Asker: 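After the C-alpha cells below, expect a handful of questions from me.
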Amino acid sequence: MLRQQIEQRLQEAVLRRFPDADPASILVRPCPDERFGDYQTNALIGLAKQRRLNPRQLATEIAADLGLDDLTEPPEVAGPGFVNFRLRPQALVALLARAARGEHLFCQPDAPPRTVVIDFSSPNVAKPMHVGHIRSTILGDCLARILRHLGHRVITDNHLGDWGTQFGMLLVGWKTELDSDALARDAIAELERIYRVINARCSEDSPDHDPAVLERARAELVKLQQGDPENVAIWRRMIELSREQFDAIYRRLDVRFDHTLGESFYNDRLPGVVASLLEKGIIRESEGALVAFFDDVPALKAHPAIVRKRDGAFNYTTTDLATLEYRWETWRPDEIIYVTDGRQQLHFQQVFEIFRRWHPEVPTRLTHVWFGSILGENGQPLKTRSGQNVKLADLLDEAEERALRVVREKNPDLPAADQREIARVIGIGAVKYADLLPNRQSDYVFSWDKMLALNGNTAPYLLYAATRIRSIFRKLEEAGERFDPVAAADRATLTEPTELALARMLERFDFVVHAVAAEYRPNYLCNYLYELAGAFTAFYEACPVLRSEEPVRSSRLLLCHLVFKVLETGLGLLGIGIPERM
RNA sequence: GCGCCCGUAGCUCAGUUGGAUAGAGCAUCUGCCUUCUAAGCAGAGGGUCCUGCGUUCGAGUCGCAGCGGGCGUACCA
C-alpha cells in the first residue's frame with residue numbers, strides 16, 4: 001500500500017523529467033535483501049541507458065525530487081543505480097491506525113472492476129470425483145475468491161461432463177444391470193459399476209466382449225439424442241444423483257458455483273456453430289470430418305482441430321466454442337478463465353484461435369490457467385494400490401482422520417466434538433494448502449506426511465500461529481477486558497525489530513494479492529502467509545503482549561489484532577478456515 | 001517429426017518488469033519450556049542453479065544449440 005504511493009511519486013518525478021517516459025515500466029518492488037531497505041526501483045538504470053545518461057547520477061537527481069519524507073527515510077542510491085527506500089516507523093504506525101479504523105485491510109481493490117468468468121472443477125456425471133479434479137476445484141475457487149476480493153464481478157461456472165457416448169453404455173447398464181439397493185447406498189459407485197460391466201462387453205479385447213451389447217449401446221445413445229422420453233428421464237436421474245454427490249464434496253470444500261451449465265446445455269447450439277463456421281470459411285471438409293486448419297499459426301500448423309466428426313457427431317471443441325459464444329452473449333465478460341490440466345493446452349489454443357477467427361469483434365481475454373499432475377511417491381500419477389483413481393471423498397476423509405489423530409495427541413483433554421471440528425478444519429485446510437503451495441505448473445508429489453506436518457510451510461503451521469493470537473484475545477476476555485483497536489491505534493508505538501518487521505509484512509499484503517491475480521498463482525499468497533506467520537511467531541517469542549506495560553501493551557495487541565485479520569483474510573482467499581484452538 | 005513443461009542443497013520444492021552475497025522445509029548438529037499454546041523459537045553446516053555459447057552494466061530468470069525426464073499431438077474430454 002505504501003509501496004504504491006512510492007511508486008506513484010516516482011512515476012510523477014520521472015514524468016516531470018521525461019514527459020515521454022512510459023510509467024508502466026517505472027516500478028517499485030520489494031528489496032531482495034532487507035539490508036538494502038524495504039523497497040527499491042531499478043527502472044532508472046534502464047531509463048538512463050536509453051537516454052545515454054549516467055545511471056547513478058540520474059538516480060541521485062530523481063531521488064532528490066521524490067518528496068517522500070512522510071513515507072520513507074531519505075532514499076539511497078546504490079550499485080549501478082538502484083534507489084532503495086526504507087519505510088519510516090511513523091508511516092507504518094499511521095497505516096496500522098487507518099486499518100484499525102476500518103479504512104482498509106492492507107489491500108486496495110483494482111480499478112476499474114472487470115467481469116470475469118471462471119470455468120473450473122467440471123467433473124463427469126456417473127463418475128466419482130477423484131484427485132484429478134482437486135487442483136482445478138481448489139485453484140479455480142481460490143482465483144474466484146481473489147478476484148472478488150479485488151472488487152471484480154466474478155461468475156463461476158461448473159461445466160459438467162453430462163453428455164457423450166458413455167451414456168449409451170450407461171443406459172444399457174441401467175436397464176439391464178442396475179442394483180437399486182446399491183444405487184440407494186452409493187449412487188456413483190453403482191453407476192461406475194454398471195458402466196464397467198457394459199464397457200467390458202463393448203470392448204473388443206475383453207473376454208466378456210459381446211457385439212450385441214455394443215450395438216444396443218449405440219442404439220440407446222441414438223434414442224437419447226433423439227429425445228426418447230424414457231432415456232432422457234434416466235439420463236436426468238443420473239445427473240441428479242451425480243450432482244448430489246458433487247455437492248456433498250463442494251460443501252465439504254466450501255466451494256460454490258454461480259452456474260452449473262453442463263455440456264448438454266449447449267446441445268441445441270452445436271449445429272448452428274458448425275453452420276456459422278462453415279459459412280465464414282473457418283472449417284472445411286477433410287477425410288469426412290469438418291476441420292479447422294491453422295497454416296498461418298506456427299505452433300498449430302501441424303495440429304488441425306476437428307469440429308464435427310466423420311459420423312456427424314460433435315466433440316468437445318464444438319461444445320467449447322458454443323460455450324464461449326454463450327458466455328459472451330450472456331455476460332459480456334472482460335475475461336474468461338479456464339482452470340484445467342496442462343495436457344489440455346493444445347485444445348484451448350485451438351479453441352481460442354478458432355473463436356478469434358469466428359468472432360473477431362469480441363475483445364474478451366481468454367486465459368487457460370493450467371496446472372501439473374499430482375504424483376504418487378513413486379513419481380507416477382497418483383493411484384490407489386489397486387491402480388484406481390483416488391476418490392476425493394476418501395482423500396478428504398483420510399486428511400480429517402489423520403488430523404484427528406494429531407489433535408487427540410496434542411489436546412487429549414478437549415471434548416471429542418471439539419476435537420473432530422478442529423480436525424475437520426485442519427484436515428481440509430491442509431489438503432487445500434498442499435495443493436495451492438506448489439507453483440501450479442509443476443507436477444507435485446502427494447505426501448500425507450508433508451501435508452499434515454506440524455512444522456514447515458504447511459496449513460497447520462499457519463493455523464497454529466492464528467490460534468495463538470485467538471488465545472491471547474481469549475485470555476483478555478476472560479480477564480474481563482475489552483480491546484478497542486481504534487483507541488489502541490491512537491497511541492500506538494512500534495520500536496522492537498520484530499514489531500516493525502510484522503508491520504512491514506502487513507504492508508506488503510496488497511502487493512502479494514495483486515501478484516496472485518496478475519499471474520493466477522496462489523502460491524505467492526501461501527508463501528506470504530507463511531512469512532507473516534513466521535514473523536508473528538518471532539514477535540510472539542520476543543515480545544510479551546499481555547504481560548507488557550502500556551502503551552506497548554495496546555500497540556502489541558493492535559499488531560496481534562491486525563495480523564489475525566490478515567491471516568484470516570489471506571487464508572480465506574485460499575478457501576481455508578481457522579479453528580478456535582489447536 | 002512438431003509443440004508444451006521440467007532439470008536449483010542429500011530429499012521435496014520456492015525464486016515477482018532480468019537486479020545486489022540464490023532461499024525455505026525436511027533430514028543432520030547445537031541451544032531454549034516455573035513466563036500469553038514447544039503443533040514453537042534461536043543458531044550451524046550443506047550449491048559447477050543440467051551443459052555450452054550468446055545478449056546485457058547485470059542471467060537461476062531472456063535467446064540459440066545440446067543432454068536427461070514428463071506430457072500432448074485427426075474424430076475421448
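In what follows, every chain begins at residue 1, and chains take the letters A, B, ... in the order their sequences are listed. Because the structure is a prediction, the values reported are computed rather than measured.
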Asker: Can you tell me if the side-chain N/O atoms of K475(A) get under 4.0 Å from OP1 or OP2 in C36(B)?
Answerer: no

Asker: Give a yes or no on whether the ring-centroid distance for F352(A) and Y338(A) is below 6.0 angstrom.
Answerer: yes

Asker: Taking the P atom of each, how far is A20(B) from C49(B), in whole Å?
Answerer: 15 Å

Asker: Hey, does the side chain of R29(A) come within less than 4.0 Å of G19(B)'s phosphate (OP1/OP2), counting only N and O?
Answerer: yes

Asker: Do side-chain atoms of S373(A) reach the backbone of D443(A) as a donor and acceptor pair under 3.5 angstrom?
Answerer: no

Asker: Would you mind calling C33(B) syn or anti? Take O4'-C1'-N9-C4 for purines or O4'-C1'-N1-C2 for pyrimidines, and syn is within 90° of 0.
Answerer: syn

Asker: Grab the CG-C1' distance between N411(A) and A38(B) for me, whole Å please.
Answerer: 13 Å

Asker: So if I take every side-chain heavy atom of R468(A) and compare against C4(B), G70(B), A38(B), which nucleotide ends up nearest?
Answerer: A38(B)

Asker: Short of 4.0 Å, heavy atom to strand atom, which residues of residues 44-57 of chain A count as contacting RNA chain B?
Answerer: I45(A), K49(A)

Asker: Assess the pair F82(A) and F36(A): is the distance between their ring centroids shorter than 6.0 Å?
Answerer: no

Asker: Can you figure out which of U37(B), A20(B), A42(B) approaches the side chain of Y464(A) most closely?
Answerer: U37(B)

Asker: Between A65(B) and U55(B), how far apart are the C1' atoms? Round to whole Å, please.
Answerer: 15 Å

Asker: Does C26(B) pair with anything, Watson-Crick or G-U wobble, both distances under 3.5 Å, and if so, with which nucleotide?
Answerer: G10(B)

Asker: List in chain and number order the residues that pass ring-ring contact (aromatic ring centres under 6.0 Å, His included) with F446(A), two or more places apart in sequence or in another chain; answer none if no residue qualifies.
Answerer: W448(A)

Asker: May I have the distance from Y39(A) (atom OH) to A20(B) (atom C1'), rounded to whole angstrom?
Answerer: 18 Å

Asker: Any protein N or O atoms within reach of nucleotides 22-29 of chain B? Criterion: under 3.5 Å, listing atom names and distances.
Answerer:
residue : atom : partner : partner atom : Å
C26(B)  : OP1  : N455(A) : OD1          : 3.4
C26(B)  : OP1  : N455(A) : ND2          : 3.2

Asker: So what does R556(A) hit on the nucleic acid, given a heavy-atom distance under 4.0 Å: a base, only sugar-phosphate, or nothing?
Answerer: nothing

Asker: Over how many whole Å does the gap from Q40(A) atom CD to G58(B) atom P extend?
Answerer: 18 Å

Asker: So N84(A), base contact, sugar-phosphate only, or nothing? Heavy-atom distance under 4.0 Å.
Answerer: base

Asker: So, using salt bridge (Lys or Arg N to Asp or Glu O under 4.0 Å) as the criterion, who are the partners of E34(A) when residues are at least two apart?
Answerer: none

Asker: Checking R3(A) now: which residues fulfil side chain to side chain contact (heavy atoms under 4.5 Å, CB included) with it, not counting sequence neighbours?
Answerer: E7(A), V28(A), Y39(A), E507(A), F511(A)

Asker: Touch check for A518(A), heavy atoms < 4.0 angstrom, all strands: base, sugar-phosphate only, or nothing?
Answerer: nothing

Asker: More than 12 heavy atoms of other residues, nucleotides or ligands under 6.0 Å from CD of E478(A): yes or no?
Answerer: yes

Asker: If I pick the C1' atom on A27(B) and the same atom on C13(B), what distance separates them, to the nearest angstrom?
Answerer: 15 Å

Asker: When you match I472(A) and A515(A) each to their closest nucleotide on RNA chain B, which lands nearer the 5' end?
Answerer: A515(A)

Asker: Planes under 30° and centres closer than 5.5 Å, is that true for Y461(A) with the base of A39(B)?
Answerer: no

Asker: Is any side-chain nitrogen or oxygen of N439(A) closer than 4.0 Å to OP1 or OP2 of G15(B)?
Answerer: yes

Asker: What does G45(B) pair with, Watson-Crick or G-U, if both distances are under 3.5 Å?
Answerer: none

Asker: Nearest to the Q345(A) side chain among A39(B), C4(B), A14(B), which nucleotide is it?
Answerer: C4(B)

Asker: Sequence neighbours excluded, which residues qualify as salt bridge (Lys or Arg N to Asp or Glu O under 4.0 Å) partners of R269(A)?
Answerer: E325(A), E329(A)

Asker: How does protein reach along nucleotides 72-77 of chain B, written 5' to 3' as B (base within reach of a heavy atom under 4.0 Å), S (only sugar-phosphate), or - (no contact)?
Answerer: BBBBSB

Asker: Which nucleotide in the set C41(B), U12(B), A39(B) lies at the smallest distance from any side-chain heavy atom of V445(A)?
Answerer: U12(B)

Asker: Kindly write out the residues that satisfy salt bridge (Lys or Arg N to Asp or Glu O under 4.0 Å) with E580(A), not counting sequence neighbours, or none if the list is empty.
Answerer: R470(A)

Asker: Would you mind reading off the distance between E353(A) atom CD and G3(B) atom P, rounded to a whole angstrom?
Answerer: 17 Å

Asker: Quote, to the nearest angstrom, the P distance that separates C5(B) from C64(B).
Answerer: 12 Å

Asker: Quick one: ring-ring contact (aromatic ring centres under 6.0 Å, His included) partners of F509(A), sequence neighbours excluded?
Answerer: Y528(A)

Asker: Roughly how many Å apart are U17(B) and U21(B), using the C1' atom of each and rounding to a whole number?
Answerer: 23 Å

Asker: Would you mind reading off the distance between Y444(A) atom OH and C13(B) atom P, rounded to a whole angstrom?
Answerer: 11 Å

Asker: What is the base-pairing partner of G72(B), counting Watson-Crick and G-U wobble geometry with both distances under 3.5 Å?
Answerer: C2(B)

Asker: Between A14(B) atom C1' and L529(A) atom CG, what is the distance in whole Å?
Answerer: 15 Å

Asker: Check ring-ring contact (aromatic ring centres under 6.0 Å, His included) between F473(A) and all other residues, then give those that pass, not counting sequence neighbours.
Answerer: F483(A)

Asker: Between E477(A) and R482(A), is the closest basic N to carboxylate O distance under 4.0 Å?
Answerer: no

Asker: Over all strands shown, is C560(A) touching base, sugar-phosphate only, or nothing at heavy-atom distances under 4.0 angstrom?
Answerer: nothing

Asker: Between P80(A) and P298(A), who's closer to the 5' end of RNA chain B by nearest nucleotide?
Answerer: P298(A)

Asker: In whole Å, measure the gap between the P atoms of A9(B) and A24(B) for me.
Answerer: 14 Å

Asker: Scan T537(A) against the nucleic acid and name what it touches under 4.0 Å (heavy atoms): base, sugar-phosphate only, or nothing.
Answerer: sugar-phosphate

Asker: Is any side-chain N of the basic residue among R553(A) and E481(A) closer than 4.0 Å to the acidic one's carboxylate O?
Answerer: yes

Asker: Distance between the P atoms of G66(B) and A74(B), in whole angstroms?
Answerer: 25 Å

Asker: Provide, to the nearest angstrom, the distance between the CZ atom belonging to F564(A) and the P atom belonging to U37(B).
Answerer: 14 Å

Asker: Check the surroundings of atom CD in Q8(A): do more than 12 heavy atoms from other residues, nucleotides or ligands lie under 6.0 Å from it?
Answerer: no

Asker: Rounding to the closest angstrom, what is the interatomic distance between G19(B) and A59(B) at atom P?
Answerer: 11 Å

Asker: For C62(B), what is the paired nucleotide under Watson-Crick or G-U wobble rules, both distances under 3.5 Å?
Answerer: G54(B)

Asker: Does a nitrogen or oxygen in the side chain of S442(A) sit under 4.0 Å from OP1 or OP2 of C6(B)?
Answerer: no

Asker: Taking any heavy-atom pair under 4.0 Å as a contact, classify R581(A): base, sugar-phosphate, or nothing.
Answerer: base

Asker: Quickly work out the D341(A) CG to C4(B) C1' distance and round it to whole Å.
Answerer: 12 Å

Asker: I'd like to check the side chain to side chain contact (heavy atoms under 4.5 Å, CB included) partners of H133(A); sequence neighbours left out, ordered by chain and number.
Answerer: P123(A), M129(A), H130(A), T137(A)

Asker: For F564(A), enumerate each residue passing the ring-ring contact (aromatic ring centres under 6.0 Å, His included) test, keeping only those at least two apart in sequence or located in another chain.
Answerer: none

